[in-house]
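The first residue of the sequence shown is numbered 1, and numbering continues consecutively from there. Side chains included, hydrogens not; waters and symmetry mates left out as well; all remaining heavy atoms used.
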Amino acid sequence: MTTTARLRAFVALADHGSVRAAASALVVTESTVSAAVRALVDEVGVALLVKEGRGVRLTAAGARYASYARRILGLLDEATAAAWSEADPRRGHVRLGAVTTAGEHLLPALLASFRARQPDVTLGVEVAPSAVVWPMLRHHEVDVVVAGSPPSDLPARVRAVRDNTLTVVGAPAAADGFDPAAATWLLREHGSGIRTTLTNLLEDLPGETSQLIMGSHGATIAAARAGLGVTLVAREGVARLLAEGALVELPMPGVPISRPWHVVTHPDATASTELLVGHLLADEALGWRPA
């Protein structure tokens, strides 16, 4: 079994916490995963995993090794994509990562427009909270990220920006005598950049606010429409609901907030990735401008 296969098995086990789940994710047998990880641990020479209930967890050494393993695998995939891109950019592969709101409201138009011009470029998309997509770029698991502002220590290049405004919304009934300190606040999933911004805003309110964690962008919006509480969202993501009157904007100190979208790539982006960036900047209907 190759070192690459062993690394993939180890990362899958680290991600899913059990041999059964890792095998299912990789579409291999459980014995294949067990043998691969056992061989890798023997090769490294230190304990990378310990049993925990019916699953496993990483040791401190395992967590550090997993970080390197992700980077190695990401670079291997990126190297293959880069080779194909250099040979023929119009038949290459681009791996995109996007935060949830961008994935739902920006990517569809972007990808449809790009595919109409470059139908032979293979596209892969991962949509996840910002706390997930930025490490994916750091580990070379994606070629380009569409999200808010990148971490300051990330070795990457901002290629394009697009206006984005965060605003507080709720059902129409919430507008009557709205008091931010007395409202029930609907929170996004852990790792969401909007959730972090909202919790920072709530810290400035007097007393302890009532909060309800909904776990996803869609669930948060649905709960706000149902009158369960109010929340902070990207205005563009609820534009239709605001126009229909299903949601209304609510006043709060410090809001609305400008949080531009960013398109971010590696400093040495592949030729196919450059095709995508060039396209989104050339198509004025998409609303992007050079960084």
At their closest point, which heavy atom of Leu286 faces which heavy atom of Leu280, and how far apart are they? CD1-CA, 3.9 Å
Can you see which heavy atom on Pro172 is nearest to which on Gly245, and at what distance? CG-O, 3.2 Å
List the residues meeting side chain to side chain donor-acceptor pair (under 3.5 Å) with Ser149, not counting sequence neighbours, and say none if there are none. none
Tell me every residue that passes salt bridge (Lys or Arg N to Asp or Glu O under 4.0 Å) with Arg225, counting only those two or more places apart in sequence or in another chain. none
Show your reasoning for whether side chain to side chain contact (heavy atoms under 4.5 Å, CB included) applies to Leu49 and Val37. CA-CA 9 Å; Leu49 302 156; Val37 173; 3.5 Å; yes
In plain terms, say whether Arg6 and Asp42 are close enough for a salt bridge, that is, a side-chain N and a carboxylate O under 4.0 Å apart. no
Output yes when a side-chain donor or acceptor of His262 lies under 3.5 Å from a complementary backbone atom of Pro260, and no otherwise. yes
Going by the side chain to side chain donor-acceptor pair (under 3.5 Å) test, which pairs reach into residues 229-255, not counting sequence neighbours? Arg162-Glu236, Thr167-Glu249, Arg235-Glu249, Arg240-Glu244
Under the ring pair (Phe, Tyr, Trp, His ring centres under 6.0 Å) test, which residues partner His93, sequence neighbours left out? none
Please walk me through it: do Leu73 and Thr4 pass side chain to side chain contact (heavy atoms under 4.5 Å, CB included)? CA-CA 7 Å; Leu73 292 171; Thr4 300; 3.9 Å; yes
Heavy-atom pair of closest approach, residues Pro251 and Pro180: O-CG, 4.0 Å
Gap separating the CG atom of Asp268 from the CD atom of Glu274, nearest 0.5 angstrom: 9.5 Å
Using the rule that two of Ile, Leu, Val, Met, Phe, Trp, Tyr join whenever any of their side-chain heavy atoms come within less than 4.5 Å, decide whether Trp288 and Val158 are in one cluster. yes
Do the side chain of Thr80 and the main chain of Leu76 share a donor and acceptor less than 3.5 angstrom apart? yes
Transitive ILVMFWY side-chain link Val146 to Leu276, under 4.5 Å: yes
Any donor-acceptor pair under 3.5 Å linking the side chain of Asn164 with the backbone of Arg259? yes
Trace of the side chain to side chain donor-acceptor pair (under 3.5 Å) decision for Thr29 with Thr32: CA-CA 5 Å; Thr29 64; Thr32 298; 2.7 Å; yes
Non-hydrogen side-chain atoms of Val142 and Val133 separated by less than 4.5 Å: no
Using the side chain to side chain contact (heavy atoms under 4.5 Å, CB included) rule, take Val145 and Met136 through it: C-alpha gap first, then chi angles, then the decisive distance, then the call. CA-CA 9 Å; Val145 162; Met136 291 180 72; 5.9 Å; no
Residue pair Thr273 / Thr270, side-chain donor-acceptor N/O under 3.5 Å: yes
Pro129 and Ser192 have their tightest heavy-atom pair at CB-N, 3.9 Å
Run the side-chain donor-acceptor check on residues 96-119: report pairs under 3.5 Å with partners two or more places apart or on a different chain.
unit_1 : atom_1 : unit_2 : atom_2 : d
His105 : NE2    : Gly237 : O      : 3.3
Ser113 : OG     : His279 : NE2    : 2.6
Ser113 : OG     : Asp283 : OD2    : 2.6

Any chance you could measure Arg95, atom CZ, to Leu137, atom CG, to the nearest 0.5 Å? 9.0 Å
Is any side-chain heavy atom of Val121 closer than 4.5 Å to a side-chain heavy atom of Leu123? yes
In terms of hydrophobic clusters joined by side-chain contacts under 4.5 Å, are Ile257 and Leu186 together? no
State, with a plain yes or no, whether a side-chain heavy atom of Glu78 is found less than 4.5 Å away from one of Glu141. no
Return each pair, listed once, that meets salt bridge (charged side-chain N to carboxylate O under 4.0 Å, His left out) where at least one residue sits in residues 180-190; pairs must be two or more places apart or across chains. none
For Asp153, the side chain to side chain donor-acceptor pair (under 3.5 Å) test, sequence neighbours excluded, returns Arg138
Indicate yes or no: at least one non-hydrogen side-chain atom of Val169 is less than 4.5 angstrom from one of Val248. no
Is there side-chain contact between Ser67 and His139, with heavy atoms separated by less than 4.5 Å? yes
Kindly give the heavy-atom pair with the smallest separation between Val46 and Ala61, and that separation in Å. CG2-CB, 4.2 Å
Would you say the side-chain atoms of Thr265 pair up with the backbone N or O of Val144, donor to acceptor, closer than 3.5 Å? no
Would you say CZ of Arg90 has more than 12 non-hydrogen atoms from neighbouring residues, nucleotides or ligands within 6.0 angstrom? no
Pair listing, side chain to side chain donor-acceptor pair (under 3.5 Å) test, anchored in residues 120-137, at least two apart: none
Is there a chain of hydrophobic side chains (I, L, V, M, F, W, Y, each step under 4.5 Å between heavy atoms) that links Val28 to Leu7? yes
If the condition is salt bridge (Lys or Arg N to Asp or Glu O under 4.0 Å), which residues does Arg71 pass it with, not counting sequence neighbours? none
Mind jotting down which residue pairs meet the side chain to side chain donor-acceptor pair (under 3.5 Å) criterion with at least one end in residues 44-53? Sequence neighbours excluded, please. Glu52-Arg57
Could you walk me through whether Val19 and Leu13 pass the side chain to side chain contact (heavy atoms under 4.5 Å, CB included) test, one step at a time? CA-CA 6 Å; Val19 171; Leu13 186 55; 4.1 Å; yes
Do Val41 and Phe10 have side chains that approach each other closer than 4.5 Å (heavy atoms only, starting at C-beta)? no
Does one hydrophobic cluster hold both Leu242 and Val255, with members joined at side-chain heavy-atom distances below 4.5 Å? no
Can you name the nearest heavy-atom pair linking Ala234 to Trp261, along with the distance? CB-CZ2, 4.5 Å
Classify the ring geometry between Phe178 and Trp185 as parallel (under 30°), tilted (30 to 60°) or perpendicular (over 60°). perpendicular
In the hydrophobic cluster built from side-chain contacts under 4.5 Å, what are the other members alongside Tyr68? none
Please examine the side chains of Leu247 and Ile221, heavy atoms only from C-beta on, and report whether any two atoms are closer than 4.5 Å. yes
With side chains defined as the heavy atoms from C-beta onward, is the minimum distance between Leu187 and Thr220 less than 4.5 Å? no
Using a 3.5 Å cut-off and no angle test, enumerate the donor-acceptor pairs between side-chain atoms of residues 198-214 and protein atoms at least two apart in sequence or in another chain.
unit_1 : atom_1 : unit_2 : atom_2 : d
Thr199 : OG1    : Arg195 : O      : 3.1
Thr199 : OG1    : Thr196 : O      : 2.9
Asn200 : ND2    : Thr196 : O      : 3.3
Thr209 : OG1    : Gln211 : NE2    : 3.2
Ser210 : OG     : Thr184 : OG1    : 3.3

